[in-house]
Amino acid sequence: MKIYRADNYGDLSKKAGEILGAVIALYPDSVLGLATGSTPVGAYEILVQKYREGLLDFSEIKTMNLDEYQGLGREDEQSYAYFMEKHLFSKVNIRRENTYIPDGTNLDEKAACEAYEAVLKRLGAPRIQLLGLGHDGHIAFNEPGKSFPEGVHCAELNARTIQANKRFFEKEEDVPRRSYTMGIGNIMRAKSILMLVSGAEKADIFREMLYGPVTPRVPASVLRFHPDVTIIADAAACGKL
Ligand code: GLP
């Protein structure tokens, strides 16, 4: 595991954008695993900037996203599909048919999960999987629990995550209670992982994932078993190390 300490969020985003940009430049037909949340927004901005400068070509890139809220579709502003469109897809020359995200509008949970699992199998392991870190140690929507879920599943959001994510919604009641998410097994199959951690409110959980026991009670701790993980954390997130 490599950990880069960034001075601040801007520095973190620049480093992350450089790494993702290098992957795209070196392997322009890569499968990329993408993430949502506030943390990767700056890295996506760097990628868009590089694209505008003519340094990157997304025409053969394929993407698979980690997760999606159940019940929300592409046109819902809070959906992760909308987020990806807004922050990246609409700003680069990626082909929409090459972008994959669980179908939040499919309320048949079994069918929705099986369909996305089939997509992941067909695309194969991503060359790089981008990850954020939830306040309770979750990755994607794998919340603290008794075991590490292997495949795509429908997850119940816990109270802490609903609290953290309500900032994107008008009121707390609007935050969907369930989501479709890659499992820990899906995430661990990525050839490499790039995790971004920003802000003082992540400092305690960041310390725990690195130095506490590897346990499903801190889902991100499992990354210590992955052979190729890079973490970029800003000074505030490193505050308790
Ligand atoms: C959400 C997402 C995660 C994300 C996490 C942290 O719940 N499902 O994939 O990593 O929150 O988000 P943020 O970067 O906004 O702190």
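In this text the structure is predicted, and so the values were computed from the model without any measurement. When a ligand or atom number is given, it counts from 1 through the structure's own listing order.
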Of all protein heavy atoms, the one nearest atom 14 (O) of ligand 1 is T39 OG1, 2.4 Å

G132 heavy atoms within 4.0 Å reach ligand 1 at atoms 10 (O)

**Prompt:** Has M182 got any heavy atom lying under 4.0 angstrom from an atom of ligand 1?
**Reply:** no

Can K91 and E45 be counted as an ion pair, charged N to O under 4.0 angstrom?
no

If you scan protein heavy atoms around atom 12 (O) of ligand 1, the nearest is G37 CA, 4.0 Å

Between S198 and the options T39, N8, D234, the side chain to side chain donor-acceptor pair (under 3.5 Å) test singles out D234

Residue, atom and distance of the protein heavy atom nearest atom 16 (O) of ligand 1 read K202 NZ, 2.8 Å

Looking at R96 and E85, is there a salt bridge between them, counting it only when a charged N and a carboxylate O are closer than 4.0 Å?
yes

If you scan protein heavy atoms around atom 5 (C) of ligand 1, the nearest is H138 NE2, 3.6 Å

**Request:** Could you check if a side-chain atom of M195 sits within less than 4.5 angstrom of a side-chain atom of H226, using non-hydrogen atoms only?
**Result:** no

Student check: side-chain heavy atoms of R177 and Q70 closer than 4.5 Å | no

Could you tell me whether some N/O pair between N165 and ligand 1 is separated by less than 3.5 angstrom?
yes

Residue, atom and distance of the protein heavy atom nearest atom 2 (C) of ligand 1 read Y80 OH, 3.5 Å

Handout entry: Any T181 heavy atom less than 4.0 Å to ligand 1
Key = no

Residues 14-46 vs ring-ring contact (aromatic ring centres under 6.0 Å, His included), sequence neighbours excluded, gives none

**Prompt:** At a 4.0 Å cut-off, with the gap strictly under it, does some heavy atom of A35 reach an atom of ligand 1?
**Reply:** no

Only one of Y180, F83, F141 passes ring-ring contact (aromatic ring centres under 6.0 Å, His included) with Y69, and that residue is F141

Quick look: L196 vs ligand 1, heavy-atom contacts under 4.0 Å, and the answer is neither

Under 4.0 Å from one or more heavy atoms of S38, ligand 1 contributes atoms 13 (P), 14 (O), 15 (O)

Checklist entry - Quick one: are R178 and E109 in side-chain contact, heavy atoms under 4.5 Å? => result yes

Q) Is the shortest heavy-atom distance from the side chain of N186 to the side chain of L66 under 4.5 Å? A) no

Evaluate the salt bridge (Lys or Arg N to Asp or Glu O under 4.0 Å) criterion for residues R207 and D204: first the C-alpha distance (whole Å), next the side-chain angles of each, then the deciding distance (0.1 Å), finally the verdict. CA-CA 5 Å; R207 183 189 161 77; D204 284 315; over 6 Å; no

Among non-hydrogen protein atoms, atom 4 (C) of ligand 1 lies closest to T36 O, 4.1 Å

In ligand 1, the atoms that come under 4.0 Å of a heavy atom of L133 are 6 (C), 10 (O)

Atom 3 (C) of ligand 1 has as its nearest protein heavy atom A140 O, 3.6 Å

Under a plain distance cut-off of 3.5 Å, with no hydrogens placed, do T161 and D136 share a side-chain donor-acceptor pair?
yes

Nearest non-hydrogen protein atom to atom 8 (N) of ligand 1, with distance, is D67 OD2, 2.9 Å

Quick look: R167 vs ligand 1, heavy-atom contacts under 4.0 Å, and the answer is side chain

